[in-house]
Amino acid sequence: MDEPLRTDVAVVGAGAAGLYAALVAAEQGASVALVSRSPLAQTASYWAQGGIAAALAAGDSPAQHADDTLTAGREAARASAVRVLCEESPERVRDLQRLGVQFDADRGGSLALGLEGGHSQRRIVHAGGAATGRRITRALSALAATNGRVRVLEPLAATAIASHDGRAAGLTLRPRDGDPLALSARAVILATGGTAALWERTTNPRGAVGSGLSLASDAGAMLADLEFMQFHPTALRLDGPRDGFLVTEAVRGEGATLLNADGERFVDELAPRDEVALAIEAELRRSGEPAVRLDMRGVDVERFPNIAAALAEVGLDPSHDLLPVAPAAHYTMGGIATDLDGRSSLPGLYAVGECACTGIHGANRLASNSLAECLVFARRAALAATTEPALSGAQLAAEPDTPAPPDEATRAALWGQAGLRRDAAGLSELLDDPYPLARLIGAACLAREESRGAHQRTDHPDTDRSLDLMHTLVGKDAAPSFERWQ
Ligand SMILES: Cc1cc2nc3c(=O)[nH]c(=O)nc-3n(C[C@H](O)[C@H](O)[C@H](O)COP(=O)(O)OP(=O)(O)OC[C@H]3O[C@@H](n4cnc5c(N)ncnc54)[C@H](O)[C@@H]3O)c2cc1C
C-alpha cells in the first residue's frame, strides 16, 4: 500500500447525512475526505419522498413533536436524543433553505406542511411534491463538489477502519479495480446508510446492506437495537423491478385509504407505521392475497408527480386504479450506538444518519424523522469531530479480507425469519448465517423476548414492561445485553 492520504475528517457515505457532515466540518476549517462507493442516485437519501419533520407551524412546538416521537417509539426511544432532534430540526430546515434548497410553499408563500402517520400536527416540509430527497441531495452534493476543503473520493468503498492507540485513525479504501488506498484521519464519520436491503423485500437501494455497521463492529464499536427493522406498510407489490417501490405515507395524509380483499377499510391509515404494517400483514394472512389496495383516487396526484411517473411506468394510473401494496423492509432503527454528538464507543469513530443508533426511534420510527435525524446529528458529529486531536505517526491496519457481500440466501433468511412476525425457532437459524451482520441481527432479535413496535415475536406476544427504555447492545464477539439510555 502507498503512503496514506491524510485528512482531518474522513466521512464515509454521500447521502444526506454524509454530505451535510462534510459541509459542516469544512465550514469549521477542517480538511474533509468524502468517500462514496456508489452514485448519488443510489442512496436512500435521493429516494426519500415525504419530507423532513420539523415543528415549524404556528400551533406546533418541539415538545409536541417530541411527544409524538416518543409515543411512536413504544417506550423504547431515548428521551434526551428525541429532545435534541425536535428542538434542532427547525433550524436545520432553515440551514437547508440558506444553502439553496427550495421547499414547497403554500399559496401565501409560507412553507407547505404535510401530515403523516403518527404526527399530531402538519409538520412535514417537502420539495417537488415527493421529490424531497432528490432536491436536498442534489443541492448538498453540488456544494460539496465545489467546496475547496472537501475532497470527494469516489467510487471507492471503505473496507476497514484503521485503529491506532485504541482509537479510529483512518480507513482502508478499495477502488473497483486496483490496489487499496490508506486514508489517515483525526476522526472518521460513518454515514453509510441502513440495512433494509438485507431483507428480500425492501424499499431501499440494493447497497443498503449495513456495510458501516460491519466496519464499526469489526473495529470494536458497539451496535444497538438491531432487532428493530421498520417495515413500511405501502410498498408496491408487483412482479418485476418496480416491486418494493414506496408510495409515501404523505398520500395517506392527503386522504388515500387502504382496502382489504372485500373492498373495506380495516385500519386507521394515519396510525404509526408498525400498526398499519401489522394490520396489512394480518389481512394478507386472512385473505391469502399478496397485496391489499391503496386507494389514491381522491388525492390530487399532481402533488406527487414522481409517484405518478413511477406508477405510469408499470401501467397504473392512481386517479383510476387501486394500487397493490404490501409491507417491505424500510428503515433500520438500530445501528452503531452513539451519544448525542454521534460518538461511537470507539474513540475517534462517529456515526450519523441511518447507520447510527442515537436511540430516537425506539421500536418504531415516526415518519420523516430520519432526514431530520441525518441533518441534526450530522451537524453535531461534524462539530465534535473537528475538535479531535491530531494523530502522530498513525499506523494503518493491514487490509483484512473483505467479507463476501450478502447473497440471496441471506436476504431470504432475514425476510423469512426476521420479518413482521418472528419466533425463536426461525431466529435461531440466523445464528448460522454466513453474513456476520445477519448473525448479529438474529442474536439481537432472540435476546428481546417480547413484542414491541416493529419487533413482534409470536412466541412472546406481550410487551415486557421491565424492558421499557431498554436498548440491546451487541459487540462483534459479545452476546447481546440490555442497557437503559436516558
Ligand atoms: C424510498 C424511501 C423513501 C424515504 N422517504 C423518507 C422521507 O420522506 N423522510 C425521511 O425522513 N426519511 C425517508 N426515508 C429514509 C431516509 O431516506 C434515510 O433514512 C436517509 O436518507 C439515510 O441517509 P444516510 O445519509 O444515512 O444514508 P444513504 O442516503 O443511504 O447514503 C449512504 C451512503 O453511504 C455510501 N456507502 C455505504 N457503504 C459504504 C462503504 N463501505 N464505503 C463507501 N461508501 C459507502 C453509499 O454509497 C451512500 O453514498 C426514505 C427511505 C427510502 C428508501
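Atoms within a ligand are numbered from 1 in the order they appear, just like the ligands themselves. Here the structure is a predicted model, which means the values were calculated and not measured.
- In terms of polar-atom proximity, defined here as any N/O pair under 3.5 Å, Gly194 makes no such contact with ligand 1.
- In terms of heavy-atom proximity, Glu154 sits nearest to Ser36 at CB-O, 3.1 Å.
- In terms of heavy atoms, Glu200 sits closest to Ala412 at OE2-CB, 3.7 Å.
- When non-hydrogen atoms are compared, ligand 1 lies under 4.0 Å from neither the backbone nor the side chain of Tyr46.
- Here the shortest heavy-atom pairing between Arg343 and Ala384 reads NH2-CB, 3.8 Å.
- Of all the atoms in ligand 1, the ones that sit under 4.0 Å from a non-hydrogen atom of Ala191 are 32 (C), 33 (C), 34 (O).
- Per-residue contacts place Gly353 under 4.0 angstrom from the following atoms of ligand 1 (heavy atoms of the residue considered): 26 (O).
- Shortest contact from atom 34 (O) of ligand 1 to any protein heavy atom: Gly13 CA, 3.2 Å.
- When non-hydrogen atoms are compared, ligand 1 lies under 4.0 Å from the side chain of Val12 (C-beta onward) but not from its backbone.
- The shortest N/O to N/O separation between Ala44 and ligand 1 falls below 3.5 Å.
- Within 6.0 Å of the CZ atom in Arg98, the count of heavy atoms belonging to other residues, nucleotides or ligands exceeds 12.
- Ser370 OG, 3.5 Å is the protein heavy atom nearest to atom 16 (C) of ligand 1.
- Atom CG in Asp60 sits 4.0 Å away from atom CZ in Arg123 (nearest 0.5 Å).
- Counting heavy atoms of neighbouring residues, nucleotides and ligands inside a 6.0 Å radius, atom CD of Gln97 exceeds 12 of them.
- An N or O contact shorter than 3.5 Å links Ala158 to ligand 1 by distance.
- Residue-to-ligand polar distances keep Ala372 apart from ligand 1: every N/O pair is separated by 3.5 Å or more.
- Every N/O-N/O distance between Tyr331 and ligand 1 stays at or above 3.5 Å.
- For the pair Ser45 and ligand 1, the shortest N or O to N or O distance falls below 3.5 Å.
- The nearest pair of heavy atoms linking Leu366 to Ala72 is CD1-CB, 3.9 Å.
- Looking at Gln230 and Asn364, their side chains do bring a donor and an acceptor atom within 3.5 Å of each other.
- Interface atoms of ligand 1 facing Leu156, defined by a heavy-atom separation under 4.0 Å, are 43 (C).
- Of the candidates Gly50, Gly51, Ala48, Gly51 brings a heavy atom nearest to atom 9 (N) of ligand 1.
- The aromatic rings of Trp485 and His471 sit parallel to each other, their planes meeting at less than 30°, with 60° as the upper class boundary.
- Closest to atom 37 (C) of ligand 1 among all protein heavy atoms lies Thr192 O, 3.3 Å.
- Less than 4.0 angstrom separates some heavy atom of Arg365 from each of these atoms of ligand 1: 10 (C), 11 (O), 12 (N).
- With distances taken over non-hydrogen atoms, the option nearest atom 3 (C) of ligand 1 out of Trp47, Tyr20, Phe377 is Trp47.
- Crowding of Asp106 atom CG: a count of heavy atoms from other residues, nucleotides or ligands under 6.0 Å exceeding 12.
- Interface atoms of ligand 1 facing Ser38, defined by a heavy-atom separation under 4.0 Å, are 46 (C), 47 (O).
- On a distance-only criterion, Thr203 and ligand 1 share no N/O pair closer than 3.5 Å.
- For atom 39 (C) of ligand 1, the closest non-hydrogen atom on the protein side is Ser211 OG, 3.4 Å.
- Between Asp300 and Glu254, every side-chain heavy-atom pair lies at or beyond the 4.5 Å cut-off.
- Only the side chain of His330 comes within 4.0 Å of ligand 1, judged by heavy-atom distances.
- Cation-pi check for Arg365 over Tyr331 is met; the charged atom lies under 6.0 angstrom from the ring centroid and within 45 degrees of its normal.
- For CZ of Arg303, the number of neighbouring non-hydrogen atoms (other residues, nucleotides, ligands) closer than 6.0 Å is greater than 12.
- In the vicinity of Ala14, heavy-atom distances shorter than 4.0 Å reach the ligand 1 atoms 33 (C), 48 (C), 49 (O).
- Atoms of ligand 1 found under 4.0 Å from any heavy atom of Ser36 (numbered from 1 in listed order, with element): 44 (N), 47 (O), 49 (O).
- In terms of heavy-atom proximity, Pro324 sits nearest to Arg293 at CB-NH1, 3.5 Å.
- Residue, atom and distance of the protein heavy atom nearest to atom 11 (O) of ligand 1 are Leu371 N, 2.7 Å.
- Here the protein heavy atom with the shortest distance to atom 48 (C) of ligand 1 is Thr43 CG2, 3.5 Å.
- Contact annotation for Cys374 and ligand 1: only side-chain heavy atoms (C-beta onward) come within less than 4.0 Å of the ligand.
- Residue contact check for ligand 1: Gly133 places no non-hydrogen atom closer than 4.0 Å to it.
- In terms of N/O distances under 3.5 Å, ligand 1 is not approached by Val352.
- Of the listed residues (Thr69, Asp67, Asp68), just one forms a side-chain contact (heavy atoms from CB on, under 4.5 Å) with Val82, and that residue is Thr69.
- Counting protein heavy atoms only, atom 44 (N) of ligand 1 is closest to Arg37 N, 3.3 Å.
- Close approach of ligand 1 to Ala157 (heavy-atom distance below 4.0 Å) involves ligand atoms 42 (N), 43 (C).
- Nearest heavy atom pair, residue Leu171 against residue Ala158, reads CD2-CB, 4.2 Å.
- With contacts defined as side-chain heavy-atom distances shorter than 4.5 Å, the pair Leu213/Cys355 qualifies.
- The protein heavy atom nearest to atom 27 (O) of ligand 1 is Gly193 CA, 3.3 Å.
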